[in-house]
Asks: 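Supplied in structure tokens, the structure appears directly below.
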Number of protein chains: 2
Amino acid sequence: MSKHVKEMGALKEHLGKHQLKFTRQRELILDAFLKQEHITAEEMYHQLARKDPHLGLATIYRTLNLFCEAGLAQARHFGTQTQYDNISHKGHHDHLICTGCGKIVEFENCDIERLQEEVASRNGFTIQTHRLELYGLCSPCRQ
Amino acid sequence: MSKHVKEMGALKEHLGKHQLKFTRQRELILDAFLKQEHITAEEMYHQLARKDPHLGLATIYRTLNLFCEAGLAQARHFGTQTQYDNISHKGHHDHLICTGCGKIVEFENCDIERLQEEVASRNGFTIQTHRLELYGLCSPCRQ
DNA sequence: TCTTTTATTGAGACGGTTTATCAATTTCAA
DNA sequence: TTGAAATTGATAAACCGTCTCAATAAAAGA
């Protein structure tokens, strides 16, 4: 009865290919994961504590890493924690960041994205998402 | 006599402004830092162990963070570790990161860099450094 | 120079995050 | 239903980076 039929299918396909099993915990964690844009293991642990008080933190880590391998999630190290991004939510924008005043300008550039695809395929990669940050000085900060 | 006169000057200026002191350790770490494009604290620790076996890891962390504040370095979380990038180094390379197995491939692409400059100047920015990470699956992880 | 003040250092303790271990349990194909 | 194989939960362990603090070194003042 999940609303996430497509992702559930992708996960089951990955499980099948790797002789892994479909468990109650994996289903529970997938449902919770797909409801958000990104989450940390700790956040999910607390969030799921009500539904299943015995669900262990280690299982959450293992499962989120499994989602990464299955192409559903993307891990990003953010400060001291790891964020797991939901790949199916992708309103992706890049950032120009002023190192002087901290101002952030968002931008999108199709040409850059196209070149990224080229680089990736040349190296045998399939891109799920990317992160591009340009650091510099805005004109007020340059005087 | 250091070859890195400019950076040494920038560091001393920062120290002066903040009532910090110029120490033998800071000089040593700066010299080692400027020789590379990027380094982790742990790598530097081993690298400097011969020159000064008593140089502590904590001092290296403290000093690399100081370089960030002084605008000489840029920290970024990479896998489980923190990389300190040398801002003055030009041959900046970017990363393809496999979300399945964690493999990292470095690449450089002048066209992308040129487009970045365009985006920046269109927004009135002057780029000091950037960070581009492409996340996806490498071919073994894709099957 | 000598003294005084203040920042820095080294060593290890510490805290938070993630992974490894392992016996018990669950899944799933036969 | 059975049995091999994967998974789980609990917790120990590993790991990275920061904090603590007494001892030391650097700058400023006399």
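Throughout, a chain's letter reflects where its sequence line sits, starting with A, and its residues are numbered from 1. All of these numbers come straight from a predicted model, not from anything done at the bench. Heavy-atom basis, side chains included; hydrogens, waters and symmetry copies ignored.
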Asks: Looking at every strand, decide which applies to A:E42 at a 4.0 Å heavy-atom threshold: base, sugar-phosphate, or nothing.
Replies: nothing

Asks: A:R24 has an atom CZ; how far is it from atom P of D:dG9, in whole Å?
Replies: 7 Å

Asks: Please determine whether a side-chain nitrogen or oxygen atom of B:Q19 lies at a distance below 4.0 Å from atom OP1 or OP2 of D:dA26.
Replies: no

Asks: Please test B:F33 against B:F67 for ring pair (Phe, Tyr, Trp, His ring centres under 6.0 Å), starting from the C-alpha separation and ending with a verdict.
Replies: CA-CA 10 Å; B:F33 175 70; B:F67 292 172; 5.6 Å; yes

Asks: Return the value, rounded to whole Å, for the distance between atom CD1 of B:I60 and atom P of C:dA11.
Replies: 12 Å

Asks: May I have the distance from A:D52 (atom CG) to D:dG9 (atom P), rounded to whole angstrom?
Replies: 6 Å

Asks: Below 4.0 angstrom from OP1 or OP2 of C:dT18, is there any side-chain N or O of A:T82?
Replies: yes

Asks: Could you give the CD-to-C1' distance, from A:E43 to C:dG16, as a whole number of Å?
Replies: 15 Å

Asks: Under 4.0 angstrom, heavy atoms only, what part of the nucleic acid is A:T40 near: base, sugar-phosphate, or nothing?
Replies: nothing

Asks: Taking atom CD of B:E106 as the centre, does the number of heavy atoms from other residues, nucleotides or ligands within less than 6.0 Å exceed 12?
Replies: yes

Asks: Could you check how far CD of B:E69 sits from C1' of D:dT18, rounded to whole Å?
Replies: 14 Å

Asks: Here's a test of your reading of the structure: between B:Y84 and A:G56, which maps to the more 5' nucleotide of DNA chain D?
Replies: A:G56

Asks: With side-chain hydrogen bond (donor to acceptor under 3.5 Å, both in side chains) as the test, pick out the partner of B:D85 among B:Q36, B:Q74, B:R76.
Replies: B:R76

Asks: Restricting to non-hydrogen atoms, name the atom on A:L134 and the atom on A:L132 that form the minimum distance, rounded to 0.1 Å.
Replies: CD2-CD1, 3.8 Å

Asks: From CZ of A:R26 over to C1' of C:dC28, roughly how many Å is that when rounded to an integer?
Replies: 13 Å

Asks: NA contact type, A:L55, heavy-atom cut-off 4.0 Å: base, sugar-phosphate, or nothing?
Replies: sugar-phosphate

Asks: When rounded to the nearest 0.5 angstrom, what is the spacing between CD1 in A:I127 and CD1 in B:I97?
Replies: 11.0 Å

Asks: Checking contacts here: which listed nucleotide (D:dT7, D:dA10, C:dT9) is nearest the side-chain heavy atoms of A:A58?
Replies: D:dA10

Asks: Is any side-chain nitrogen or oxygen of B:H54 closer than 4.0 Å to OP1 or OP2 of C:dT9?
Replies: no

Asks: Can you tell me how far P of C:dT9 sits from CG of B:L48, to the nearest Å?
Replies: 13 Å

Asks: Within the pair B:Y61 and D:dG17, is there a side-chain N or O less than 4.0 Å away from OP1 or OP2?
Replies: yes

Asks: Let me spell it out: for each of B:L57 and B:T23, pick the nucleotide of DNA chain D with the closest heavy atom. Which residue's pick is nearer the 5' end?
Replies: B:L57

Asks: Considering only heavy atoms and no angle criterion, is a donor-acceptor pair shorter than 3.5 Å present between the side chain of A:R62 and the base of D:dG9?
Replies: yes

Asks: Please report, rounded to the nearest Å, how far the P atom of D:dA6 is from the CG atom of A:N65.
Replies: 19 Å

Asks: Could you please name the option among D:dT7, C:dT9, D:dG9 that lies closest to any side-chain atom of A:L20?
Replies: D:dT7

Asks: D:dA25 base to B:K21 side chain: any donor-acceptor pair below 3.5 Å?
Replies: no

Asks: Should the pair A:R24-A:D52 be classified as a salt bridge under the 4.0 Å nitrogen-to-oxygen rule?
Replies: yes

